[in-house]
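Notes for the one structure printed next.
Please read all numbers here as calculations on a predicted model, not as lab measurements.
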Amino acid sequence: MNRTKAQRRVRQPWLLGLVLLAGCAQVSSPTGGPLDDTPPQVLQMTPPSGTSNLQLESLTLRFDEYVVSRNATQQLLISPPISGSPEFKTKGKEVLVDFDPSWFASETTYVLNFGDALVDLHESNPAEALFFAFSTGNDLDTLTLEGHVVDHRTGKGVPGLRALFYAESTPWDSIWVGERPRAIAVTNEDGKFTGSYLAPGRYKAIAVDDVNRDYAWNPGEALAFATEAIAAGQAWTIPWLFAPTALPASATYIASSSIDSTGFCRILA
């Protein structure tokens, strides 16, 4: 009898420990797990994209998850350019962008490309191919330009490139030094792109692996481009060949020089 009571006294602390461990296991938060790589999706724009006769004062974007703005002033590309700088306000799943209507010309179609300006809260995945188009007049420009970019070695389409569109009158020298494009598009998984809401006219374009996200080609960034301009509403029929470009060579300079008693000169460049 005494032995049984002693055994119970020994077992009770162990049972109590197991109960406490089980309780702790039940309330602990799970660790690890796959990262969220899904970009935030727009559920609603107010006013809707494609609105005509609009004097834009504010734009509200509602997403399917919590978002924040990142380098919004640098990432937002407005075509044609305006004189002011919009103000971004984020709250939970909504983003409010404020404008001054006087910034916009009359009877003009504007396209706002957000680039990587809006990202999800936890993993910083940017909202992809996010744009808003409207017209201050009755008519909304709806012409498109289409193209296809392929790797110069494999012939396969190259996804995730920025296609940048310029008026035909824009000099190539200006494009290479960072002229802001009239419109942009992003290549899909097959390397195809479509530029939208373009005004009538002829355009030239490039496709660039825009590493620093500045809407321009920089030396060392891989590049493809069309050798001819085409009219809005058409498509480039020949695929563009995408290839790397070389980084600029560093300037050569004289590091040291010497001359001995025989007149032999040694120069290190």
Side-chain angles (χ1 to χ4, degrees), residues 39 41-62 72 74-86 88 95 97 99-118 126-149 160-170 175 179-188 191-208 210 213-216 225-226 229-236 240:
Q41 304 295 318
V42 175
L43 300 178
Q44 183 180 19
M45 289 185 179
T46 306
S49 182
T51 301
S52 299
N53 292 311
L54 178 63
Q55 302 303 310
L56 186 63
E57 296 183 7
S58 65
L59 171 65
T60 301
L61 301 95
R62 185 163 63 87
Q74 292 77 23
Q75 282 299 309
L76 179 63
L77 175 68
I78 301 178
S79 178
I82 61 174
S83 58
S85 179
F88 282 74
V95 177
V97 191
F99 303 87
D100 185 333
S102 65
W103 295 341
F104 303 98
S106 60
E107 303 296 327
T108 304
T109 294
Y110 286 90
V111 181
L112 284 62
N113 286 282
F114 287 86
D116 300 334
L118 303 175
E128 297 178 344
L130 179 58
F131 65 87
F132 173 79
F134 74 99
S135 174
T136 56
N138 294 324
D139 300 320
L140 180 75
D141 294 327
T142 57
L143 294 175
T144 62
L145 280 173
E146 298 180 355
H148 186 200
V149 182
L161 305 178
R162 278 182 172 174
L164 312 178
F165 303 91
Y166 306 86
E168 183 180 27
S169 59
T170 307
I175 293 174
E179 177 84 9
R180 296 287 275 185
R182 291 285 187 92
I184 70 168
V186 179
T187 58
N188 64 16
K192 297 180 179 180
F193 63 84
T194 300
S196 305
Y197 296 103
L198 293 167
R202 293 177 62 84
Y203 293 83
K204 59 181 64 170
I206 65 175
V208 60
D210 194 9
R213 319 306 288 170
D214 65 349
Y215 299 105
F225 63 93
I230 64 171
Q234 297 181 350
W236 282 277
W240 304 358

Shortest non-hydrogen separation from [X] to [Y] and the atoms involved:
X	Y	value
D214	R162	N-NH1, 4.2 Å
A231	L145	O-CD2, 3.4 Å
Y215	P181	O-CD, 3.7 Å
P39	A127	CB-CA, 4.4 Å
E179	T170	CG-CG2, 3.9 Å
A72	A117	CA-CB, 3.9 Å

Kindly indicate whether the side chain of [X], heavy atoms from C-beta on, has any atom under 4.5 Å from the side chain of [Y].
X	Y	answer
N138	N53	yes
Y110	S135	no
L112	F134	yes
P86	I78	yes
L61	V97	yes
L130	M45	yes
P101	L54	no

Could you give the distance from [atom1] ([X]) to [atom2] ([Y]), rounded to the nearest 0.5 Å?
X	Y	atom1	atom2	answer
Y203	I230	OH	CD1	11.0 Å
Q74	L76	CD	CG	10.5 Å
L161	T187	CG	OG1	4.0 Å
W236	F225	CH2	CZ	12.5 Å
T144	Q234	OG1	CD	10.0 Å
D141	S196	CG	OG	12.0 Å

Check step by step if side-chain contact (heavy atoms from CB on, under 4.5 Å) holds for L118 and V42. CA-CA 11 Å; L118 303 175; V42 175; over 6 Å; no
Tell me if a side-chain donor or acceptor on [X] pairs with a main-chain N or O of [Y] at a distance below 3.5 Å.
X	Y	result
R202	A229	yes
T108	S106	yes
S83	W103	no

For the CZ atom on F132, are there more than 12 heavy atoms of other groups (residues, nucleotides or ligands in this structure) within a distance under 6.0 Å? yes
Applying ring-ring contact (aromatic ring centres under 6.0 Å, His included), can you list everything that pairs with F99, at least two apart in sequence or on another chain? F104
Does the ring centre of W240 sit less than 6.0 Å away from the ring centre of F193? yes
Which pairs, with at least one residue in residues 100-116 and sequence neighbours excluded, count as a salt bridge (charged side-chain N to carboxylate O under 4.0 Å, His left out)? D116-R213
